[in-house]
Amino acid sequence: MPELPEVETVRRGLEGVLVDARFERVEQRRPDLRFPFPERFAQRLTGQRIVSLARRAKYLLVHLEGGEVLIMHLGMSGRFIISRPGANAQKPGEFLHEAGDQERHDHVVFVMSNRATITYNDARRFGFMALADARTLESHKLMANLGVEPLSEDLSPEYLAARCGCKKTSLKAALLDQRIVAGLGNIYVCEALHRARLSPRGSAGKLTLRSGEPSTGARRLVEQIKSVLEDAIEAGGSTLKDYHAPEGDLGYFQHSFAVYGREGLECLAPGCEGTIRRIVQGGRSSFYCPRCQR
DNA sequence: AAGAACTCCTGTTGGC
DNA sequence: TGCCAACAGGAGTTCT
């Protein structure tokens, strides 16, 4: 589910309860998520103090005092629920059915030294957790092939043109490729392409001029990738289905979608009177306006 | 060897 | 109301 803005929102929500606290008890309720948990997962975390909580692409990176890093990916449906003693006190018998239904997918429970409890819930189990040595984190197989962070200076028109220039694939597929730009997903690729007035069906190679310079489209695209991600983070991410930030706050960027999920509705670009279409690329929906996105 | 198709899993939604 | 197919924010693996 979560793309970069949602993961960043989760990171901010967890930072306050995690950093400087210790894992007092870790309850791993099944042997695997998408992949098996690391060997002795709970034992390796228990007693460790958390030094910092970072994000790389769609990964959360929990730096531990002992030199290991807990790497977590939320997949499509992963979420964290923070609870503190005394908060959300429920009357006996109230909401028991709903609580039980949700608990079915509570796969890991972290009990912290500050009394906060953080529960990882993931219905589809496409998420996963791994442990890595902090000294070699960059070369860990999950990190090694990631492309640039879209909100850093590393994502420039020159970089994007260089990485896409030789590609035969579509612009949509190139932007979803985490080895080129790390952290974009289906929603924000659709939205960034619309803001940049580029069709998802266009070829990635067109971002590069014959001279090797970035095209004007490439310059617009880089600018709009950054702006859509910044706007979404500002809004606390997007809430679809029942996703929410760890403290239960709902993001509201979904109200700002110009194309995603808007098939058949009017294009919101000023002066454009096109109609949003949905096509399938690589088995996934692309929403775009055939009139203003070329 | 790039690019597309397939795969994992469960829940929700929309059409009949 | 019920049933069933289509679809969902990801990405590693397997094909062509």
Side-chain angles (χ1 to χ4, degrees), chain A residues 1-11 29-36 55-60 71-80 98 100-107 120-130 140-147 150 163-193 200-205 228-229 232-233 235-245 250-257 259-264 278-287:
Chain A
M1 149 183 109
E3 304 182 31
L4 188 153
E6 290 73 38
V7 177
E8 179 58 24
T9 300
V10 169
R11 191 196 69 75
R29 295 183 174 169
R30 49 176 301 130
D32 54 50
L33 293 170
R34 181 173 184 185
F35 306 117
R55 179 191 57 72
R56 170 79 169 104
K58 300 171 194 170
Y59 292 95
L60 288 169
I71 304 173
M72 303 193 286
H73 194 292
L74 305 179
M76 292 279 263
S77 56
R79 68 205 64 196
F80 289 100
E98 283 141 317
D101 257 10
Q102 247 186 318
E103 271 175 41
R104 197 148 92 78
H105 300 297
D106 289 350
H107 305 308
Y120 179 72
N121 178 285
D122 188 352
R124 295 178 72 180
R125 301 204 303 277
F126 287 170
F128 52 92
M129 298 186 188
H140 188 279
K141 68 174 187 247
L142 293 170
M143 303 285 116
N145 296 315
L146 290 175
R163 293 296 303 268
C164 288
C166 47
K167 292 216 161 280
K168 292 277 179 283
T169 192
S170 68
L171 209 38
K172 173 77 185 301
L175 292 176
L176 283 177
D177 186 343
Q178 303 295 301
R179 295 168 302 182
I180 301 178
V181 181
L184 298 177
N186 203 32
I187 290 179
Y188 297 105
V189 166
C190 289
E191 294 297 320
L193 285 168
R201 308 173 62 182
S203 100
V228 76
L229 295 178
I233 290 171
S238 301
T239 300
L240 268 63
K241 312 282 183 199
D242 53 351
Y243 161 78
H244 50 72
L250 299 181
Y252 53 89
F253 192 74
Q254 67 279 8
H255 302 302
S256 303
F257 292 163
V259 287
Y260 188 83
R262 297 194 63 249
E263 180 181 20
R278 184 180 82 93
I279 59 172
V280 175
Q281 292 179 290
R284 318 193 59 194
S285 291
S286 291
F287 297 91

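This is a predicted model, so every value here is computed, not measured. Lettering follows sequence order; numbering is per chain, from 1.
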Let me know the distance between CZ of A:Arg179 and P of B:dA2, rounded to the nearest Å. 8 Å
Give the rounded distance in Å between these two atoms: CG of A:Leu146 and P of C:dA11. 9 Å
Decide if atom CZ of A:Arg201 counts as having more than 12 heavy atoms of other residues, nucleotides or ligands within a radius under 6.0 Å. no
Is the backbone N or O of A:Arg179 less than 3.5 Å from a side-chain atom of A:Arg163, with the two atoms forming a donor-acceptor pair by type? yes
From C:dG12, B:dG11, C:dA8, pick the nucleotide closest to the side chain of A:Ser285? C:dA8
Roughly how far apart are A:Ile71 CD1 and A:Leu142 CG, rounded to 0.5 Å? 5.5 Å
Given the rule that a pair is Watson-Crick or G-U wobble with both distances under 3.5 Å, how would you write DNA chain B in dot-bracket, using | for pairs to a different strand? .|||||||.|||||||
Atom CZ of A:Phe35 and atom C1' of C:dT13 are separated, to the nearest Å, by 10 Å
Counting only non-hydrogen atoms, which of residues 120-130 of chain A are less than 4.0 Å from DNA chain B? A:Ala123, A:Arg124, A:Arg125, A:Phe126
When you measure from the side-chain N and O atoms of A:His73 to the phosphate of C:dA11, is any distance below 4.0 Å, counting only OP1 and OP2? yes
Within this structure, what is the NE2-to-C1' distance between A:His105 and B:dT12, rounded to whole angstrom? 12 Å
Going by side chain to side chain donor-acceptor pair (under 3.5 Å), name the residues that satisfy it together with A:Lys172, two or more places apart in sequence or in a different chain. A:Asn186, A:Ser286
Nearest heavy atom decides the nucleotide; on that basis, is A:Val280 or A:Leu184 closer to the 5' end of DNA chain C? A:Val280
Phosphate oxygens OP1/OP2 of C:dG9: is one of them under 4.0 Å from a side-chain N or O of A:Arg284? yes
Calculate the interatomic distance between A:Lys58 atom NZ and C:dG9 atom C1'; express it in whole Å. 8 Å
Taking atom P in both C:dA11 and B:dT12, what distance in whole Å separates the two? 23 Å
Anything under 3.5 Å between a protein N or O and an N or O of nucleotides 3-6 of chain B, put it in a table, one pair a line.
residue : atom : partner  : partner atom : Å
B:dG3   : OP1  : A:Lys168 : N            : 2.7
B:dG3   : OP2  : A:Lys167 : NZ           : 2.9
B:dA4   : OP2  : A:Thr169 : OG1          : 2.8

Between atom CG in A:Asn186 and atom C1' in C:dG9, what is the gap in whole Å? 8 Å
A:His73: partners by ring-ring contact (aromatic ring centres under 6.0 Å, His included), with sequence neighbours left out: A:Tyr59, A:Phe128
CE/A:Met129 to CE/A:Met72 distance, rounded to the nearest 0.5 angstrom? 5.5 Å
Checking contacts here: which listed nucleotide (B:dT10, C:dA8, C:dG10) is nearest the side-chain heavy atoms of A:Arg278? C:dA8
What class does the angle between the rings of A:Phe80 and A:Tyr120 fall in, given that below 30° is parallel, 30 to 60° is tilted and above 60° is perpendicular? tilted
d(CG, A:Leu176; P, C:dA8) in whole Å: 13 Å
State the CD-OG1 distance between A:Gln254 and A:Thr239, to the nearest 0.5 angstrom. 4.5 Å
Look at the side chain of A:His107 and the backbone N and O of A:Asp122, then say whether any donor-acceptor pair between them is shorter than 3.5 Å. yes
Side-chain (A:Glu8) to main-chain (A:Arg55) donor-acceptor, under 3.5 angstrom: no
Who are the side chain to side chain contact (heavy atoms under 4.5 Å, CB included) partners of A:Gln178, not counting sequence neighbours? A:Lys58, A:Leu146, A:Ala182
